[in-house]
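When a residue number appears, it is its place in the shown sequence, counting from 1. Keep in mind the model is a prediction, meaning the values are calculated, not measured.
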Amino acid sequence: QVQLVESGGGLVQAGGSLSLSCAASGHGFQNYNMAWFRQALGKEREFVAAITWGFGSTQYADSVKGRFSISRDNAKSTVYLQMNSLKPEDAAVYYCAAGRSLVRVPSLTGVNYWGQGTQVTVSS
């Protein structure tokens with residue numbers, strides 16, 4: 001069983017920055033790719049970014065490329081999402097996720113474990 005705990009959400013003005021963290025624990029979590037998904041009110045949950053623990057290979061949704069950056073700290077078993085130039089449409093609940101191949105095939109069906117989510121609100 002893998003446990004994922006997010007932190008770092010909050011309220012930020014449009015154009016601002018925010019950083020999210022996801023602490024991973026449990027048996028074998030290093031064997032999973034880590035990812036961030038988000039779900040805005042009334043919309044489907046969507047992929048944001050993913051990373052591997054080993055080489056640190058990454059994948060991004062087109063909507064966040066150049067603005068968001070995913071990284072990991074293997075020693076701390078933590079994955080981060082640095083969000084810059086935030087827009088009102090980035091407002092959502094952000095979920096940390098673990099899955100076998102989320103960098104290669106970023107999809108909801110590929111997620112094995114979810115965190116509880118953290119709210120990001122962007123004011124215009």
Side-chain angles (χ1 to χ4, degrees):
Q1 191 77 1
V2 173
Q3 294 80 43
L4 305 172
V5 179
E6 303 101 330
S7 60
L11 172 64
V12 63
Q13 285 189 330
S17 298
L18 203 60
S19 181
L20 305 181
S21 299
C22 172
S25 62
H27 179 69
F29 72 88
Q30 302 95 331
N31 298 322
Y32 294 88
N33 293 176
M34 300 296 295
W36 291 94
F37 287 76
R38 67 186 181 186
Q39 187 166 17
L41 194 63
K43 295 188 176 181
E44 294 185 352
R45 194 169 297 190
E46 63 177 4
F47 170 76
V48 176
I51 192 168
T52 63
W53 286 110
F55 289 109
S57 301
T58 59
Q59 175 75 266
Y60 292 93
D62 288 342
S63 59
V64 305
K65 281 180 182 177
R67 300 188 300 121
F68 289 15
S69 177
I70 189 170
S71 62
R72 87 277 189 242
D73 186 329
N74 293 57
K76 295 182 179 180
S77 303
T78 300
V79 174
Y80 304 95
L81 184 68
Q82 177 64 40
M83 304 183 291
N84 299 325
S85 302
L86 281 160
K87 305 175 182 180
E89 52 263 42
D90 293 318
V93 177
Y94 281 71
Y95 295 91
C96 183
R100 294 291 185 183
S101 302
L102 293 177
V103 169
R104 185 170 58 86
V105 186
S107 69
L108 290 170
T109 57
V111 175
N112 296 96
Y113 299 98
W114 291 101
Q116 81 283 359
T118 185
Q119 178 72 50
V120 172
T121 303
V122 183
S123 63
S124 56

**Report entry** Where Tyr95 and Gly117 come nearest, the two heavy atoms and their spacing
**Finding:** CD2-CA, 3.6 Å

Query raised in the report: Linking I/L/V/M/F/W/Y whenever any side-chain heavy atoms sit under 4.5 Å apart, do Leu86 and Val48 land together?
Result: yes

Report summary line: Closest non-hydrogen atoms of Trp53 and Ala24, given as atom of the first, atom of the second and distance, are CZ2-CB, 4.1 Å

**Report entry** Flag if over 12 foreign heavy atoms under 6.0 Å of CD, Gln13
**Finding:** no

Requested in this report: Give the cluster check for Leu20 versus Tyr113: same hydrophobic cluster or not, with ILVMFWY residues linked at side-chain heavy-atom distances below 4.5 Å.
Outcome: yes

**Report entry** salt bridge (Lys or Arg N to Asp or Glu O under 4.0 Å) partners for Glu46, two or more places apart
**Finding:** Arg38

Report task. Please check if Leu81 and Phe29 belong to a single hydrophobic cluster, counting links between Ile, Leu, Val, Met, Phe, Trp and Tyr side chain heavy atoms closer than 4.5 Å. Result -> yes

Report summary line: dist Asn33:CG -> Thr58:OG1 (nearest 0.5 Å) comes out at 11.0 Å

Query raised in the report: Looking at Ala98 and Tyr32, what are the two nearest heavy atoms and their distance?
Result: CB-CB, 4.0 Å

Requested in this report: State yes or no: do Val103 and Met34 share one hydrophobic cluster built from I, L, V, M, F, W and Y residues joined by side-chain heavy-atom distances below 4.5 Å, directly or via other members?
Outcome: no

Query - salt bridge (Lys or Arg N to Asp or Glu O under 4.0 Å) contacts touching residues 67-79 (sequence neighbours left out) - result: Arg67-Asp90

Query raised in the report: Which heavy atom in Val79 sits nearest to a heavy atom in Ile51, and how many Å separate them?
Result: CG1-CG2, 4.1 Å

Query raised in the report: Do Asn84 and Ser17 have a side chain donor and acceptor closer than 3.5 Å?
Result: yes

Query raised in the report: Do you know which two heavy atoms are closest between Trp36 and Cys22, and how far apart they sit?
Result: CZ2-CB, 3.6 Å

Query raised in the report: Among pairs that include at least one residue of residues 115-124, which meet side chain to side chain donor-acceptor pair (under 3.5 Å), considering only residues two or more places apart or in two chains?
Result: Glu6-Gln116

Query raised in the report: Closest heavy-atom contact between Asn112 and Arg100?
Result: OD1-N, 3.5 Å

Query raised in the report: Taking atom OG of Ser25 and atom CD of Gln1, what is their separation to the nearest 0.5 Å?
Result: 10.0 Å

Requested in this report: Find out if a path of hydrophobic residues (ILVMFWY) with successive side-chain heavy-atom gaps under 4.5 Å connects Tyr60 to Leu18.
Outcome: yes

Query - Ring geometry between Tyr94 and Phe68 (parallel below 30°, tilted from 30 to 60°, perpendicular above 60°) - result: tilted

Query raised in the report: Roughly how far apart are Thr109 OG1 and Leu102 CG, rounded to 0.5 Å?
Result: 9.0 Å

Query raised in the report: Which residues pass the ring-ring contact (aromatic ring centres under 6.0 Å, His included) test with Phe47, sequence neighbours left out?
Result: Phe37

**Report entry** Set of side-chain contact (heavy atoms from CB on, under 4.5 Å) partners for Ser7, sequence neighbours left out
**Finding:** Ser21

Query raised in the report: Does anything in residues 49-64 pair up under salt bridge (Lys or Arg N to Asp or Glu O under 4.0 Å), and if so which pairs, sequence neighbours excluded?
Result: Asp62-Lys65

